[in-house]
Number of protein chains: 2
Amino acid sequence: MFSKACEYGIRAAVYIAQQSGRGVRTGLKDIAEAIDSPEAFTAKILQQLSKNDLIQSSKGPTGGFEMTAHQLQTVMLSDVVRTIDSNLIYTGCGLGLANCDAQNPCPLHHEFMGIREQLKTMLETTAIRQLAESLESGAAILKR
Amino acid sequence: MFSKACEYGIRAAVYIAQQSGRGVRTGLKDIAEAIDSPEAFTAKILQQLSKNDLIQSSKGPTGGFEMTAHQLQTVMLSDVVRTIDSNLIYTGCGLGLANCDAQNPCPLHHEFMGIREQLKTMLETTAIRQLAESLESGAAILKR
DNA sequence: TTGGTAGCGGACAAATTTGTCCGTTTTCGG
DNA sequence: CCGAAAACGGACAAATTTGTCCGCTACCAA
Ligand code: FES
Ligand code: FES
């Protein structure tokens with residue numbers, strides 16, 4: 001469904017959101033450990049999220065990653081996915097044709113559209129913060 | 001969503017089904033041209049479909065690929081997807097955790113399950129033949 | 001001021017997926 | 001029977017994704 005990079009990105013964002021909710025700034029090492037991801041690779045992904053203003057980063061001792069109150073309020077799952085995987089998931093043709101065109105559809109177009117639309121809606125209406133809350137409450141986990 | 005190999009596999013299967021519906025056996029070159037895919041790569045994929053009895057192949061002059069009446073009746077989209085991509089699409093965790101476990105879910109588990117279930121149902125209830133019919137009637141295309 | 005800490009950024013390496021080549025085998029038509 | 005046609009199968013090559021390394025830069029605290 002998503003690329004490995006995107007999966008790490010979502011997990012990392014959720015963890016950062018959880019920690020930020022507690023007022024805690026967290027570092028790369030912590031994050032990689034918490035979400036069970038390769039540290040250096042995760043760093044690259046966090047850079048992307050940071051450059052797109054989905055998270056905040058600071059250097060130096062006591063540095064690390066966090067989400068501002070504003071980011072916690074506004075950053076949606078779709079923002080993370082779009083930043084890392086591009087939004088091709090819901091714009092491209094499911095059968096790999098050059099582009100998806102309802103006027104000239106592939107045989108699966110209609111069947112796909114419904115599901116894709118739902119996926120899109122889900123991503124666009126789910127805030128990272130919501131996911132972080134289910135972590136905080138113990139209802140969900142980020143590694144096993 | 002699907003791998004390139006799987007996309008080619010579906011497109012090829014649909015084309016073969018359409019031709020078989022007309023009683024025509026079609027060869028690799030025709031297929032690759034009809035679905036706009038790399039010929040040698042498509043050959044590999046057709047071998048997989050053939051070995052799993054989703055399509056029929058025959059060698060020699062006048063050889064090629066076709067689907068039997070029985071295959072036209074029974075082969076579902078899910079069979080093609082499972083053969084090429086494995087059925088991990090609807091068994092794995094959307095966030096990349098080692099496995100999907102409702103008792104110990106990732107934060108996206110509930111949101112995912114609904115969509116994934118629908119995708120699964122769609123794949124399992126759509127026959128390749130149905131897709132071929134929409135091709136035959138001109139309602140859909142396989143390349144652009 | 002200075003030393004250490006932590007993210008940044010670019011180059012590199014491994015793994016996987018995608019795609020190609022070519023000799024072999026099977027089969028058909030003449 | 002013979003030659004050509006077509007799929008088969010294994011080895012190879014290119015591209016993309018995933019993952020690592022390391023020097024650089026910014027920052028904080030003592
Ligand atoms: S044309 Fe293939 S999904 Fe729309
Ligand atoms: S645990 Fe992640 S999708 Fe079920």
Side-chain angles (χ1 to χ4, degrees), chain A residues 1-13 15-16 19 24-67 81 83-86 88-89 92 95-96, chain B residues 1-13 15-16 19 24-67 81 83-86 88-89 92 95-96:
Chain A
M1 186 77 94
F2 301 126
S3 69
K4 235 50 176 125
C6 194
E7 290 174 357
Y8 295 150
I10 296 172
R11 304 223 297 270
Y15 179 68
I16 293 169
Q19 295 303 309
V24 176
R25 176 186 294 168
T26 179
L28 173 60
K29 201 167 181 177
D30 276 345
I31 296 171
E33 208 278 329
I35 71 175
D36 191 28
S37 67
E39 200 175 308
F41 191 45
T42 305
K44 300 294 187 194
I45 297 163
L46 292 177
Q47 283 175 37
Q48 287 186 67
L49 296 182
S50 175
K51 271 194 272 195
N52 281 74
D53 293 315
L54 304 186
I55 62 177
Q56 204 71 26
S57 83
S58 38
K59 291 182 172 183
T62 79
F65 301 88
E66 66 192 316
M67 287 177 77
V81 173
T83 296
I84 300 177
D85 273 0
S86 89
L88 216 73
I89 308 163
L95 284 193
Chain B
M1 185 77 94
F2 302 126
S3 68
K4 235 49 176 127
C6 194
E7 290 175 357
Y8 296 149
I10 297 172
R11 303 222 298 268
Y15 178 69
I16 293 169
Q19 296 302 310
V24 176
R25 176 187 292 168
T26 178
L28 172 60
K29 201 166 180 178
D30 276 346
I31 297 171
E33 208 280 327
I35 70 175
D36 191 28
S37 68
E39 200 176 309
F41 191 45
T42 305
K44 300 295 187 196
I45 298 162
L46 291 176
Q47 283 176 36
Q48 286 185 69
L49 296 182
S50 174
K51 272 194 271 196
N52 281 73
D53 293 318
L54 303 186
I55 63 176
Q56 204 71 27
S57 83
S58 38
K59 291 183 173 184
T62 79
F65 301 89
E66 67 193 315
M67 287 177 78
V81 173
T83 295
I84 299 177
D85 273 0
S86 90
L88 217 73
I89 308 163
L95 284 193

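Throughout, protein chains are lettered first and strands after them, A, B, ... in sequence-line order, and every chain is numbered starting at 1.
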Measure the distance from [atom1] on [X] to [atom2] on [N] and round it to the nearest whole Å.
X: A:E66; N: C:dG7; atom1: CD; atom2: P; answer: 12 Å
X: A:Q48; N: C:dG9; atom1: CD; atom2: P; answer: 12 Å
X: B:L46; N: D:dC8; atom1: CG; atom2: P; answer: 8 Å
X: A:R25; N: C:dA6; atom1: CZ; atom2: P; answer: 12 Å
X: B:F65; N: D:dA5; atom1: CZ; atom2: C1'; answer: 13 Å
X: B:I55; N: D:dA7; atom1: CD1; atom2: P; answer: 10 Å
X: B:I31; N: D:dA6; atom1: CD1; atom2: P; answer: 12 Å
X: A:N52; N: C:dC8; atom1: CG; atom2: P; answer: 13 Å

Enumerate the protein-to-nucleotides 17-20 of chain D contacts in which both atoms are nitrogen or oxygen and the separation is below 3.5 Å.
residue	atom	partner	partner atom	Å
D:dT18	OP1	A:K4	N	3.0
D:dG19	OP1	A:Y8	OH	3.4
D:dG19	OP2	A:Y8	OH	3.2

Identify the pairs formed between an N or O of the protein and an N or O of nucleotides 26-30 of chain D at a distance under 3.5 Å, and give each distance.
residue	atom	partner	partner atom	Å
D:dA26	O4'	A:K59	NZ	3.3

Between [atom1] of [X] and [atom2] of [Y], what distance do you get to the nearest 0.5 Å?
X: B:I31; Y: B:Q19; atom1: CD1; atom2: CD; result: 9.0 Å
X: B:K29; Y: B:E39; atom1: NZ; atom2: CD; result: 6.5 Å
X: B:M1; Y: A:M1; atom1: CE; atom2: CE; result: 5.5 Å
X: B:Q47; Y: B:I55; atom1: CD; atom2: CD1; result: 9.5 Å
X: B:C6; Y: A:L95; atom1: SG; atom2: CG; result: 9.0 Å
X: A:I45; Y: A:T83; atom1: CD1; atom2: OG1; result: 12.0 Å

Tightest non-hydrogen contact, residues B:I16 and B:F65, listed as CD1-CB, 3.9 Å
Taking every heavy atom of B:A12 against every heavy atom of B:L46, the minimum-distance pair comes out as CB-CD2, 3.9 Å
Any A:S57 side-chain N or O less than 4.0 Å from OP1/OP2 of C:dA6: no
If the cut-off is 4.0 Å, is A:Q47 near the phosphate of C:dG7, judged by side-chain N/O to OP1 or OP2? no
Please identify each residue that fulfils ring-ring contact (aromatic ring centres under 6.0 Å, His included) with B:Y8, with sequence neighbours left out. B:F41
